[in-house]
Amino acid sequence: MKTPLAIVEIAGRDSVAAAVAATRDHGFHELVPTVAFTGTETGDRDAPARAVSVLRSLVPADTVVHEPVALSDPALWSAMNARPAAELRQRFGVTFSPCLACHLYLHLLRIPLSWSHGDAPVISGERDTHDGRIKLSQTPQSIDASIRVLGYAGVPLLQPIRGLSGAEVADLTGHAWEQEQGQLGCQLSGNYVNFDGSVTYDEDAYERYLTGFFEPVGRAVIDAWRAEREGAPAADFNAVVRRLLED
């Protein structure tokens, strides 16, 4: 039996809007906010706590919003995003951006917590498009791939606002909260954006990357965690990624 509890990915306005929409649509009684860290964060460290406070004010009064849980795994982030950069560029021909696998990393971090709560669903605030602005880490293809990866772990990844416009998101959270305001930034933000604001990339290479690395590495990490639960030593994620690419 599925738990009436959900894990909430807390970042900024979109993540709060997603939690509000998912609670409305699914009737969750309890929400566990989670704040994931990569080590590249910049800005106001209190922003996630304020986002949780806003969330409490927007969901029904009988919905329990727990204290936020902080999550991080620097070794996993490095193994997925930093160490294999040269190999990924050579193998898939895709313009390297750590933002791609970083978003998958952020989803993956919630899996052990979900397992400990009866495979509780994870609520994410990703969108297919940001009013026409391209985010390589949030495309319809990458969002679908992330859903499949978490599905491999038995964890539903809910994306309740992926088709909404910025105005529709603002309707859920209040129009005083602008997109990308009141949230942590990243040292690597904009690494794939040209100086004129445009984003250019090879769509075929992007697809090869998703099918050849993004999804397989997510499943490999999940397999390593499952093995740990059965008594295996803690995974060496650099070795996990290397084996994946060598195979």
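All heavy atoms count here, side chains included; hydrogens, waters and symmetry mates do not.
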Could you grab the distance from atom [atom1] of [X] to atom [atom2] of [Y], nearest 0.5 Å is fine?
{"X": "I123", "Y": "H26", "atom1": "CD1", "atom2": "NE2", "answer": "7.5 Å"}
{"X": "M80", "Y": "L100", "atom1": "CE", "atom2": "CG", "answer": "10.5 Å"}
{"X": "L150", "Y": "I111", "atom1": "CG", "atom2": "CD1", "answer": "4.0 Å"}
{"X": "L164", "Y": "T129", "atom1": "CG", "atom2": "OG1", "answer": "12.0 Å"}
{"X": "L136", "Y": "S142", "atom1": "CG", "atom2": "OG", "answer": "8.5 Å"}
{"X": "S15", "Y": "L55", "atom1": "OG", "atom2": "CG", "answer": "8.5 Å"}

Would [X] and [Y] count as having a side-chain donor-acceptor pair, cut-off 3.5 Å?
{"X": "E126", "Y": "Q138", "value": "no"}
{"X": "R83", "Y": "S78", "value": "no"}
{"X": "S97", "Y": "N191", "value": "yes"}
{"X": "Y105", "Y": "D73", "value": "no"}
{"X": "E30", "Y": "H117", "value": "no"}

Applying side-chain contact (heavy atoms from CB on, under 4.5 Å), run through L210 and Y206 and close with a yes or a no.
CA-CA 6 Å; L210 289 179; Y206 186 86; 3.6 Å; yes
Which heavy atom of [X] sits nearest a heavy atom of [Y], and at what distance?
{"X": "A18", "Y": "S124", "result": "CB-O, 3.3 Å"}
{"X": "A120", "Y": "V155", "result": "O-CG1, 3.7 Å"}
{"X": "G166", "Y": "D131", "result": "N-OD1, 3.1 Å"}
{"X": "P233", "Y": "E228", "result": "O-CG, 3.6 Å"}
{"X": "V65", "Y": "P33", "result": "CG1-CG, 3.7 Å"}
{"X": "L184", "Y": "P48", "result": "CD1-CG, 4.0 Å"}

Short N-O contact, R13 and E168, less than 4.0 angstrom:
no
Can a donor-acceptor pair be found, under 3.5 Å and without considering hydrogens, that links the side chain of [X] to the backbone of [Y]?
{"X": "N81", "Y": "W77", "result": "yes"}
{"X": "S53", "Y": "A49", "result": "yes"}
{"X": "R208", "Y": "F92", "result": "yes"}
{"X": "Y152", "Y": "D223", "result": "no"}
{"X": "S189", "Y": "C186", "result": "no"}
{"X": "T63", "Y": "V59", "result": "no"}
{"X": "R110", "Y": "T34", "result": "yes"}
{"X": "R91", "Y": "L245", "result": "yes"}
{"X": "Q90", "Y": "L88", "result": "no"}
{"X": "E215", "Y": "V149", "result": "no"}

Only counting residues at least two apart or in another chain, list the ones meeting side chain to side chain donor-acceptor pair (under 3.5 Å) with E246.
R242
For a 4.5 angstrom cut-off between non-hydrogen side-chain atoms, does [X] reach [Y]?
{"X": "N194", "Y": "V199", "value": "no"}
{"X": "Y192", "Y": "T200", "value": "no"}
{"X": "H66", "Y": "L31", "value": "no"}
{"X": "L113", "Y": "V32", "value": "yes"}
{"X": "I143", "Y": "D128", "value": "yes"}
{"X": "V169", "Y": "R127", "value": "yes"}
{"X": "L188", "Y": "T38", "value": "no"}
{"X": "D46", "Y": "R50", "value": "yes"}

By salt bridge (charged side-chain N to carboxylate O under 4.0 Å, His left out), which residues pair with D144, not counting sequence neighbours?
R162
Can you list the residues that meet the ring-ring contact (aromatic ring centres under 6.0 Å, His included) rule with F213, with sequence neighbours excluded?
Y209
Would you please test T173 and V54 for side-chain contact (heavy atoms from CB on, under 4.5 Å) and show each step?
CA-CA 8 Å; T173 61; V54 173; 5.5 Å; no
Give the C-alpha distance, both sets of side-chain angles, the deciding distance and a yes or no for side-chain contact (heavy atoms from CB on, under 4.5 Å) between E9 and L157.
CA-CA 10 Å; E9 297 186 355; L157 179 59; 4.2 Å; yes
Using side-chain contact (heavy atoms from CB on, under 4.5 Å), reason through F214 and H103 one step at a time and then give a plain yes or no.
CA-CA 10 Å; F214 187 95; H103 260 240; 5.8 Å; no
